[in-house]
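Structure record follows, encoded as structure tokens.
Here is how names work: the chains are called A, B, and so on, in the same order as the sequence lines, proteins then strands, and each is numbered from 1.
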Amino acid sequence: MSPPTSPILSVQPTRGLVDEKLKVVVESLPPGSPVTLHSLHHSEDEDYWEAFGHYVSDFRGMVSVSEDLSFGGTYTGKEDMGLLWSMRPVPGSRKGLRLRKMNVCSPMLHNISVYSGHVSEGFREQTPLTSVLVERWYMAPGVKRIDIMEKGVRGTLFIPPGPGPFPGLLDMWGGGGGLIEYRSALLASHGYVSLAMDYFNSQELESADLEFKYFETAFNIIKEHPQVIPDRVGMFGLSLGSLVTMHVAAESTIVKPRCCICVSGSHFYPNTFFCIAENNHHVWRDMWIHLLDDPSKKVDVGKINCPILLVNGKDDQNVPADECAEDIALLMNAAGNGHLLSRVLYPDTGHLIEPPYSPHFRASNFKAAGVATKTVMLLWGGQTKPHSDAQEDAWRKILSFLQHNLYSSTPPRAKL
Amino acid sequence: MDRKRCTLKLLVQPSRGLVDEMFIILVQKAPSGFQLTVHALHKCEDGHSWEAFGHYTADTIGTVNVSEDPSLGGTYSGVEQMGLLWSLRPVPGSKPGLRLRKMNVQIPMEVTISVYQGHQTEGFMDQVPLASVVVERWYMAPGVSRIPITEDRLSATLFLPPGPGPFPGLLDLWGGGGQLVEYRASLLASHGIASLALDYLTPKITMETRKMVDLQYFEKAYKILEQHPQVHGSSIGMLGLSLGTSITLKMAAYSEVMKLRCAVCISGSHVQPVDGSMEDILKHFNKNADRTRVSEENEFIWRDLLLPVPSDLAFKVDMGRLKCPLLVVVGEDDQNWPASESAMDMKEMMEQAGNSHLLTVLSYPNAGHLIEPPYTPHARASLFRSMATREKMMALWGGETAAHSLAQEDAWRKLLVFLRENLYSGTNPGTPSLSHL
């Protein structure tokens, strides 16, 4: 008795970095047969996320996700990474979920499966024809992770493999607080010593002498690291982190970032973030004592004297990114340093512009850092497909901006 | 070059791959025409260090691409995409006779790839490289399950591919060194075949009773596979290397229990006492122990112990009884077994019996005995604990490194195609041979 022909699914690479592309190919299907390609992820928070596409095999019995079109599912058209970026919580999940990897020392696991026919629901009740497991890593092999608790600064330092020395980055997230490591881990995998900073934990900050001394200290921790090139340290911020970045770049007499990346930030000291934490206004006052003196104050961007890249989404429902970017350009041009500014603005893209291929959430549960704030459903904005395209394009531009400014911006040396 | 301002970039893709996957090594932003050495360093489970290196010259835009540019010297030369792995050898000062074998397949091999300035040949450990990255090489794909098997007094490990199955199955046998060696079975499971690595020389039962296993031991292993809910019972093959070939051919030709869909025999022979037990088989090999030769470097050559291939049918497997496709892989420089001579005789027997359409022989010039999965170091000789004398002796396996590595790469690819064709598709046994490959 001969065995039935079962289709063969191959996914390359089975162990890759989260910003690497996947090649998904199915072979040995009957020609012209409808199949569903499905990806399933079980998150650290115990939720299930899935994505799927409807395909039809060709005359050779093959489906290639990078070449063929999806006719339905969580994404359509020719989308080589659709099985990752279009993931959403499975039906019946809790509301307002956001997918974020907290433990970067282990990979994200995705089950990629092939189902017969064009299936749209009930995947768990069916047996797929075949499936493979794919690992997606934030940390390349050899990247070192070091807990930092120094001079009042709390964070995690990621160091690329090799002798170095390397350029450095101070990496800051937004008003949600906590110590979010994944972007730093990924940046270290690209050759930058990166410090993920926890700067919104009220316990620590109440006792420290606040203001931007905290950030200057953090910056210097990187700068003084034996494996860092001292004059090649930049700053990378998202949301509130952008505001901090611009502020330090403009006002610090001690710290001179080599370049700055500001994603989804505004240069107004009070921004819409602050509105939801009315109960907790006093904590933030303590933190930003100089910054909130005048609620209408803006960062004096005319004083920034390093290259700065602004990355924004036009559909950002959290900060008025478009208007801010315009205003920053005006101010910098007026001050004569407009040549340092680059900006990209993506249509139908929301606030959370993250490393590529991670799922998009138009809104999610948000609890501002600090005591006694309630969890609200915060609208971030963006439509999934354009937002995902923006993440992919932005990341590429960010890496190239960093490469240009931190790795190779000195004039070429004379030949040896 | 001022290291503080060095902008040289080193990239290896993929940074985490399977052992049989190729990688791309790219050096960029070196000065134009810069001379550099790309170096690989691996510390194995036994604590020994292995290294390989190639000498390159960057082009006008400061790039070296190991898959396209020739190595001008080192442990390999010419355009060799995977040279940094297959030409790995123990670092100077290591003890002689080492062989690299991964015993714990659940964690990867870690290889550090570095770039050094200039064309260097030694003293790498005393220098700081210009750049280096770490690469992981895995014998197990994500999702492969590793299941120790102890029922029926077997010493075995089953590797199941990820997914619902059912999968074709494979019995995986190594040779006279014994032990439970898992890495080939785990790699085959990573390719979709439920594979059972079987220890048949040093299993728990032999260590306890001091008796060798009987032939039912192998049939029990087959049954475990056949009855497994995730294995396709009618799609089971067998793969043996060296002594494992003897068992594979015996089972394929004579077992009433095993209905093999296909068989692969690497570096072995069909010469054995036909009705013999394990003990009889080993005794037969040792009968001619006086034919052992010793090389100039005091390495033992055992290939003559089974020569000449007998014409007496009591001492070789009746190849005419085979009913399934058979892939035979031999190295023409095999100094341990007379694999080439045996393959020729097997072919003759099958031609006479009328079943030679089942046979494919892959014969590799300058390849030795240990034809293993690709991109792993070649051991021309190594310390081997002989089952007969129980002493550790330096065995000469044979093979010239570059040719042997090429043979491993080609044989593995063809082996995977052979297994996929015979175990996966709905074709019946007895399809035309794949000798056109």
State, yes or no, whether a side-chain contact exists between B/P142 and A/R15 at a heavy-atom distance under 4.5 Å.
-> yes

Mind checking whether B/E110 and A/P141 have side chains closer than 4.5 Å, heavy atoms only?
->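 No. Closest side-chain heavy atoms not under 4.5 Å.
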
Which heavy atom of A/S131 sits nearest a heavy atom of B/G163, and at what distance?
->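 Shortest heavy-atom separation between A/S131 and B/G163 comes out as OG-CA, 3.3 Å.
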
Heavy-atom closest contact (B/P129 atom, A/P163 atom, distance) = O-CG, 3.1 Å

Enter the distance from B/W138:CH2 to A/E135:CD here, rounded to the nearest 0.5 Å.
-> 6.0 Å

Taking atom [atom1] of [X] as the centre, report whether more than 12 heavy atoms of other residues, nucleotides or ligands fall under 6.0 Å from it.
X      : atom1 : result
B/K43  : NZ    : no
A/K144 : NZ    : yes
A/E27  : CD    : yes
B/K102 : NZ    : yes

Chain B contact via [X] - side chain, backbone, both or neither, heavy atoms under 4.5 Å:
X      : answer
A/T14  : both
A/L129 : backbone
A/H110 : neither

Best-contacting candidate, A/P128, A/S10, A/G16, A/P13, against chain B by heavy atom pairs under 4.5 angstrom =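 Ranked by contacts with chain B, first place is A/P128.
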
In terms of heavy-atom pairs under 4.5 Å, which option from A/G142, A/P161, A/P107 contacts chain B the most?
->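 Most heavy-atom pairs under 4.5 Å with chain B: A/P161.
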
Select one option (side chain, backbone, both, neither) describing which atoms of B/L10 are under 4.5 Å from chain A's heavy atoms.
->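 Contact with chain A: none, neither part.
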
Which bit of B/K9 comes within less than 4.5 Å of chain A, counting heavy atoms only: side chain, backbone, both or neither?
->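 Just its side chain gets close to chain A.
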
